Amino acid sequence: MKAKVHVTLKPGVLDPQGKAVSHALQSLGFEGVQEVRQGKYIELDLDETDPAKAREAVERMCRELLANTVIENFTVDLEG
Amino acid sequence: MKAKVHVTLKPGVLDPQGKAVSHALQSLGFEGVQEVRQGKYIELDLDETDPAKAREAVERMCRELLANTVIENFTVDLEG
Amino acid sequence: MKAAVIVFPGSNCDRDVAVAVDRIMGTKPIMLWHRETEVPDLDLIVVPGGFSYGDYLRSGAMAAHSPVMREVKAQAEKGVRVLGICNGFQILTEAGLLPGALMRNRGLKFICKDVHLKVESAGSDFTRGYRDGEVVRYPVAHHDGNYFADDETLARVEGQGQVAFRYAHPDGRVDDAANINGSRNNIAGLFNERRTVLGLMPHPERLIDDHLGGTDGVPMFKSLLEALS
Amino acid sequence: MSEITPEIVAQHGLTPDEYKLVLDIMGREPNLTELGIFSVMWSEHCSYKSSKKWLKTLPTKAPWVICGPGENAGVVDIGEGLAAIFKMESHNHPSFIEPYQGAATGVGGILRDVFTMGARPVANMNALRFGDPSHPKTRHLVAGVVAGIGGYGNCVGVPTIGGETNFHKSYNGNILVNAMTVGVAEADKIFYSAAAGVGNPVVYAGSKTGRDGIHGATMASAEFDEKSEEKRPTVQVGDPFTEKLLIEACLELMATDAIVAIQDMGAAGLTSSSFEMASKGGLGVELDLDRVPMREEGMTPYELMLSESQERMLMVLKPGKEDLARAIFHKWELDFAVIGHLTDSGRMVLKWHGDVVGDLPIDPLAMASPEYDRPYEIVRETRGIRSNEITEVPWPEALSKLMGCPDLASRRWIWEQYDHMVMGDTTQRPGGDAGVVRLHGSNRGLAVTTDCTPRYVESDPVEGGKQAVAEAWRNLTAVGARPLAITDNMNFGNPEKPVIMGQFVGACQGMAEACVTLDFPVVSGNVSLYNETQGQPIMPTPAIGAIGLIDDLDTMATIAFKDDDDIILVFGE
Ligand SMILES: Nc1ncnc2c1ncn2[C@@H]1O[C@H](COP(=O)(O)OP(=O)(O)O)[C@@H](O)[C@H]1O
């Protein structure tokens, strides 16, 4: 099955990338963009077919590698 | 309203980061991960309240800045 | 001869390349701020290295949309020579002045070291000071130098002789072991079709005197001087 | 406002005695904002309460010293109207928690210390100490720290031209990340932090203030804000792009005649920067905290005063120069705000939408910061190792073992991740005895090195302290430079233990002796204590950063053998 992982900065953590993107959008003439936050999106193809086990494995991967839990949160969605 | 943008590499474009992540997962002892693809996830807070207009604006932002359409695809989801 | 160096917020090789232009070409380039919308007629525009806009989002992406780049495109259109080094190369691809894209290095790490390059084509105003097939040593310093183009584009740029430099061994062999960052076909530098625009990841301005460890970068600026004066 | 309980006092790291002193100075119970200010001003980090007594014994003078310890960085004359400004600083704990951001913000902080004084940064160095290579965390920490140092330094465009890297199990739970920056300024255009001119505007420039790194106080402040945990990341995220803009903007403003005093907001942010400026100038300051540029909703005066958000500066301007300064900072797309003015009251008055929310005397607080004469015991194991205690190994085997050992192996894999050539003046790249950068547009160069051998300091703090200074001296002379001055980064364990305190005192004594003998003064430095985990201290690590001058780069020496038949000489004892 497929796992879709979103890794985002915790609220309150400075997001220099988001800040720069929002500046750039403004200077390109896009109005009315309040805040931009940038995160990571990771797709994994798994052999595992049991959703509970897959979720558990992917959450472990997030904690150990994919996300930096000191400053980032993550969510895991499973598909197929 | 809020727009959620996913920017992913086009199929066929080699993804060095995804590949490195999948290697790293293996060496951490995670088995059964077939492929990993890494993309970007961008959240935008918009003043616009009309979904059609918001989508159009965000898609333009993607084409002009957020994605490099030589190598990347994007999707836009609206919320609230 | 009139030259300009573009300065984006976050450029950091702007002064280095201005020194090289001044010292070797004998002309002080004007420094053009990214917000500039009126640019005098020029003979050479240099888009320097650095981290324009922090290289946030994608290297070169935001700089490619800054006001001054409209002028750069217009002048490039007219045949003004444009040299993009490192971040400058990334910006030129993002701006559509050169085909393809520069992705994260295959090894994912920033790489700063001298590399050897095979000169693929000495037939340009940038490279006439070198010989075809000559091997030169230039420093690289980048995180995103992994050149990508789809098969069709790659076939086209190869077919039209647009490749300027390839990562090579000191003896000129070009193979995967010499490919420091995973670039397709070991491409380190690329011309546009008319060979009036050159983008390259390595830094010729970093090896221009013996105190810096060599002078392999000098011929590029001499070439331009000869061609443009 | 919540009442100050003994728990809240303890959570702010103040002892009951120290709190008594607070009450004496205030003449009343402080409110939470005021308590927070005392807490950071009297922290070990800001007050040097354990180390002050001994730091004063280091020699700091020489005819070429323009400014010794006490300012943001040390300044030495390098001739032809130029000055070198440099300092080393630790970011040990944050780098252990989050190696990338911890190391990155360490580089950012030391860069600001140097350009605050008017210098353009021209070289970075980094002295790193990690745990045992086989320890499960080491690999992750090394990778993150090196990437973070590179990520920040490469982006701001200052070459990282050297450093040192050691591995030892004593650092398993407490890695050391010491970063050094060297800058160059015109000798008659140095900027200092002492405020002057009653009525002059106090301005804020750089990034907005968020809830970054408000530590020590997390629990206490939870009382007036339930959702605090999520909101208070203790790790700051660095923004090197903003730092680069801040460098350019500050240098542009410094080229005008607008600045009276300037100070970066480092540890303890707005609190220590405003206190130091006012205290040094013998003045008072009034701040309208609601005018501070804020990144987040609902920030309180407490949070604004204690935030450690990065890439921020505080300045006192000449009257009427606000618009000039604003225009420059806006050109570089940075925040700028007039947030207060100087007064003659000798007090710091904090206002929030017109109401006074804090009122503290400056000098009593700054002067009365505790100073401890901690008991110490200098343990010197001068016995050394005897040759009959060593089992002999055939030399090829010994050599290959040495070459393969992590402390001696090549560091190329580290410095290749650092841009060591940007700015186009690196005349000696990493890999030699010292890094060398050319003074721009001249044929002179600055040589820079960092050195310390912690195991020597552990076996004999005095000799080890001497040796670290001597090695730095040798590394400079080895490239052909005339050594000028040093900065230090004193990394030790818990100073409340006499043996650890003895390591610190002994190292200071040894350093002082070497510095006097070599005419090699200490012009800046930093102290990092309490580097212990579960009672296990790090090896004592007084890292020395040193600079020297090469008058003619054509005479610079490098370590490579040059030609066949060259003669090899060994000299010294
Ligand atoms: N963390 C680091 N960053 C940059 N350069 C480093 C680092 N660690 C070591 N180096 C460089 O590697 C070389 C060898 O280091 P080291 O073994 O400490 O040298 P030495 O003992 O001769 O002073 C030196 O040039 C030093 O500057």
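Here the structure is a predicted model, which is why all the values come from computation and not from measurement.
Residues of residues 163-173 of chain C placed with any heavy atom under 4.5 Å of a heavy atom in chain D are absent; none qualify. Scanning residues 218-229 of chain C against chain D with a 4.5 Å heavy-atom cutoff picks out nothing at all.
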Quick one: do C:I30 and C:L42 satisfy side-chain contact (heavy atoms from CB on, under 4.5 Å)? Show the steps, please. CA-CA 10 Å; C:I30 47 175; C:L42 297 162; 4.0 Å; yes
Stepwise, does the side-chain contact (heavy atoms from CB on, under 4.5 Å) test hold for C:L97 with C:V72? CA-CA 10 Å; C:L97 282 167; C:V72 173; 4.3 Å; yes
Before you tell me yes or no, could you show the steps for D:M125 and D:I161 under side-chain contact (heavy atoms from CB on, under 4.5 Å), namely the whole-Å CA-CA distance, both residues' side-chain angles and the distance that decides it to 0.1 Å? CA-CA 6 Å; D:M125 301 284 286; D:I161 60 168; 3.8 Å; yes
side-chain contact (heavy atoms from CB on, under 4.5 Å) between D:L446 and D:L549, intermediate numbers included: CA-CA 5 Å; D:L446 276 182; D:L549 188 65; 4.0 Å; yes
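With a 4.5 Å cut-off on non-hydrogen atoms, D:L553 touches chain C through its backbone and its side chain both. C:L207 touches chain D through its side chain: at least one heavy atom from C-beta onward sits under 4.5 Å away, while N, CA, C and O do not. For chain C, the nearby part of D:V156 is the backbone; its heavy atoms alone come within less than 4.5 Å.
No other option in C:C13, C:G10, C:G49, C:A20 has as many heavy-atom pairs under 4.5 Å with chain D as C:G10. When each of C:P9, C:P139, C:A141, C:G213 is checked for heavy-atom pairs under 4.5 Å with chain D, C:P9 comes out on top.
Of all heavy-atom pairs spanning D:G151 and D:P240, the tightest one is O-CG, 4.1 Å. Nearest heavy-atom pair across C:I180 and C:I111 is O-CD1, 3.4 Å. Closest approach of C:Y147 and C:L190 over heavy atoms only: OH-CD2, 3.2 Å.
Taking 4.5 Å as the limit, some side-chain heavy atom of C:L117 sits within range of a side-chain heavy atom of C:P202. The side-chain heavy atoms of C:V39 and C:Q75, taken from C-beta on, include a pair separated by under 4.5 Å. C:F191 has its side chain out of reach of C:E120: every pair of non-hydrogen atoms, C-beta onward, lies at least 4.5 Å apart. With a 4.5 Å cut-off on side-chain heavy atoms, D:I175 and D:L128 do not count as touching. Put simply, the side chain of D:I247 reaches to within 4.5 Å of the side chain of D:P121, judged on heavy atoms. C:L83 has its side chain within reach of C:L200: a pair of non-hydrogen atoms, C-beta onward, lies under 4.5 Å apart. D:L476 places none of its side-chain heavy atoms less than 4.5 Å from the side chain of D:I547.
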Write out the donor-acceptor pairs between chain C and chain D under 3.5 angstrom, atom names and distance to 0.1.
| unit_1 | atom_1 | unit_2 | atom_2 | d |
| --- | --- | --- | --- | --- |
| C:N12 | ND2 | D:N154 | O | 3.2 |
| C:N12 | ND2 | D:C155 | O | 3.2 |
| C:R15 | NH2 | D:M423 | O | 3.2 |
| C:R15 | NH2 | D:D425 | OD2 | 3.4 |
| C:R15 | NH2 | D:H440 | ND1 | 3.3 |
| C:D16 | OD2 | D:M423 | N | 2.9 |
| C:D16 | OD2 | D:G424 | N | 3.4 |
| C:R35 | NH2 | D:E333 | OE2 | 2.9 |
| C:Y56 | OH | D:D239 | OD1 | 2.6 |
| C:C112 | N | D:E416 | O | 2.6 |
| C:D114 | OD1 | D:R429 | NH1 | 3.0 |
| C:D114 | OD1 | D:R429 | NH2 | 3.4 |
| C:D114 | OD2 | D:R429 | NH1 | 3.2 |
| C:R206 | NH1 | D:D419 | OD1 | 2.9 |
| C:R206 | NH1 | D:D419 | OD2 | 3.4 |
| C:R206 | NH2 | D:D419 | OD2 | 2.9 |
| C:D209 | OD1 | D:R438 | NH1 | 3.4 |
| C:D209 | OD2 | D:R438 | NH1 | 3.1 |
| C:D209 | OD2 | D:R438 | NH2 | 3.4 |
| C:H211 | NE2 | D:N443 | OD1 | 3.1 |
| C:H211 | NE2 | D:D554 | OD1 | 3.1 |
| C:L212 | O | D:R429 | NH2 | 3.4 |

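Residues satisfying the ring-ring contact (aromatic ring centres under 6.0 Å, His included) criterion with D:F336, sequence neighbours excluded, are D:F329.
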